[in-house]
Amino acid sequence: MSAKINQNFLKLNESYLFSEIARRIRVWQSENPEVADKLIRMGIGDVTRPLPKTVVEAMVSAAREMGEAETFRGYGPEQGYDFLKDAVQKYYTRFGVELKSDEIFISDGAKSDLGNILDLFDKDNTVLVTDPVYPVYVDTNMMDSRKIVYAEAGEENDFLPMPAPEYAADIIYLCSPNNPTGAVYDRAALTKWVEFAKEQGSIILFDSAYECFVTGDYPHSIYEIPGAREVAIEFCSLSKKAGFTGTRCGYTIVPDTLERCGGNLNKMWLRRQTTKFNGVSYITQKGAEAVFSQDGEEEIEENIRYYRDNAKIITDTMDKLNIYYTGGKNSPYIWLKCPGEMDSWEFFDRLLKEVYVVGTPGAGFGKSGERFFRLTAFSTHENTREAMERFEVFVEKLR
Ligand code: MLT
C-alpha cells in the first residue's frame with residue numbers, strides 16, 4: 001500500500017512566481033553583501049504604509065475584550081460577524097449595489113478564496129483566463145487538472161481581451177483593475193463579458209482586489225453590471241486597500257441568485273465554509289470594520305494617495321523614456337514593455353544586478369507577458385524616486 005499523491009502538482013512550476021523571485025534575490029544578496037542594502041523592492045505587490053491608526057486601535061480594543069471573561073469570544077460565525085458584513089454591505093451601496101447580508105462571506109483574503117471556490121466546480125469544467133494572468137488562477141486549476149484556455153492580451157487590445165467564440169468556457173476569471181497589467185475594463189466591456197457568460201451558462205470569478213485604485217467612471221464591482229448576479233462571484237481583499245497583506249482579511253460575494261445544474265452556489269459555498277473554515281479572527285474583523293469607519297476611510301485615502309503619487313513617479317519616468325506601458329492610473333501596477341526588446345527574466349536579472357531594483361518579469365504571468373515587466377507603486381516615495389533615477393540611467397545605457 002502507498003498513498004497516492006495528486007500527480008497534477010508534479011506538472012506545476014517548481015515554485016510559485018513570487019517565491020522564485022525571493023529565491024533569486026536571496027542568491028544575489030548572498031553573492032553581493034557589499035551592495036545588498038541598496039536593493040529596492042518593487043516586485044511583489046506588498047504594501048509599505050502601516051495599518052491606519054483607527055484600525056490598530058480597534059484591534060487593540062478587541063484584543064482587550066478577548067482578555068476579559070465577560071467579553072471573551074470563542075468560535076465566531078464561519079461566514080463573518082454581522083458588524084463587518086454590515087459595513088461591507090453599506091460600502092457596496094456606494095456603487096449602487098444592494099447585497100443581502102448572507103451573500104457576503106468574510107475571508108482571510110482574495111487569494112485563498114479564489115483557490116477554495118474551485119471546490120464547488122467539477123474538474124471537467126473548462127477555464128478561461130486572460131493572459132498575462134495572476135498565477136493563482138492557473139496554478140489552482142492545474143492542481144485539479146482542469147483544461148485552461150488563454151485569452152491573449154497585448155498592445156493590440158490594450159491588454160483588455162474581449163469575449164470571442166473561441167473563449168467559450170465554464171469558468172471565466174476576470175481581474176479589473178488587472179493584476180499584472182493595471183488595465184481596467186469599462187462598463188461597456190464588462191457588460192459584454194456578463195452577456196457572454198449568460199449565453200454560455202458560465203460563471204465569472206471576478207477579482208476586484210484593486211478596486212480602491214479606480215478613479216473616474218469605471219466599475220468597482222461586477223454587480224454594477226445588470227445581470228451579473230446571475231453569473232458572477234466576486235472576491236475582494238483589504239490587503240492593498242488598507243495594508244492588510246500581513247493581517248489578512250477580505251470578502252467574497254456569492255449572490256443567492258446564482259444557480260447551476262440544480263445547485264445554489266451560495267448554499268454550496270456556505271456548506272463548504274462551515275465545513276472547512278472557522279472564520280477570520282474577531283480581532284482582525286474588528287480591525288476590518290474600522291477600515292469602513294469615517295476616520296478609517298480618511299486615513300486609508302491618504303495611503304492610497306501616497307501610492308498613487310508613486311505610480312505617477314513611475315509613469316512619468318516611462319513617458320520621459322518613451323516606454324510603452326499600461327496601468328498606474330487606476331492601479332498600483334505599471335506594466336511596461338522591456339526596453340531593448342529584452343526578454344523579461346533577462347531584464348529582471350540585469351535590473352537587479354546592475355541597478356539593484358527588483359520588479360516582476362512578465363513571463364511569470366504567462367506567455368503574453370514575455371517581453372513585459374511589472375513595477376509596483378507600493379514602495380516608499382524615497383525608494384520609488386531613487387529606483388526611477390537608477391532605471392533611467394540603466395535604460396539610457398541600453399540605447
Ligand atoms: C502580487 O504581487 O501580484 C500580489 O501581491 C499577489 C497577491 O496579492 O497575492
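Ligands are counted one by one from 1 in listed order, and the atoms in each one are counted from 1 as well.
Residue nearest to atom 2 (O) of ligand 1, selected from Ser237, Pro180, Gly45: Gly45 (by heavy-atom distance).
No more than 12 heavy-atom neighbours from other residues, nucleotides or ligands sit within 6.0 angstrom of CD on Glu302. In Glu155, the CD atom is crowded: over 12 heavy atoms of neighbouring residues, nucleotides or ligands sit closer than 6.0 Å.
Tyr134 OH, 2.5 Å is the protein heavy atom nearest to atom 9 (O) of ligand 1.
Considering backbone and side-chain N/O of Lys240, one or more are found under 3.5 Å from N/O of ligand 1. In terms of N/O distances under 3.5 Å, ligand 1 is not approached by Tyr16. For the pair Asn179 and ligand 1, the shortest N or O to N or O distance falls below 3.5 Å.
Side chain to side chain, Asp295 and Thr54 fail the donor-acceptor criterion of an N or O pair below 3.5 Å. Side-chain contact check for Tyr92 and Glu234: at least one donor-acceptor pair (N or O, by modelled atom type) lies under 3.5 Å.
With ligand atoms numbered from 1 in the order given, ligand 1 contributes 1 (C), 2 (O), 3 (O), 4 (C), 5 (O) to contacts under 4.0 Å with heavy atoms of Tyr333. Of all atoms in ligand 1, listed by their number and element, those nearer than 4.0 Å to a heavy atom of Ile44 are 2 (O), 5 (O). Interface atoms of ligand 1 facing Phe18, defined by a heavy-atom separation under 4.0 Å, are 1 (C), 2 (O), 3 (O).
Put simply, the residue from Val138, Asn141, Asp207, Ile203 that forms a side-chain contact (heavy atoms from CB on, under 4.5 Å) with Tyr173 is Asn141. With respect to Ile225, the side-chain contact (heavy atoms from CB on, under 4.5 Å) criterion is satisfied by exactly one of Val231, Thr191, Val97, Ile204: Thr191.
At least one cation-pi condition fails for Arg350 and Trp345: the charged atom is not both under 6.0 angstrom from the six-membered ring centre and inside a 45 degree cone around its axis.
At a heavy-atom distance under 4.0 Å, no atom of Phe378 approaches ligand 1.
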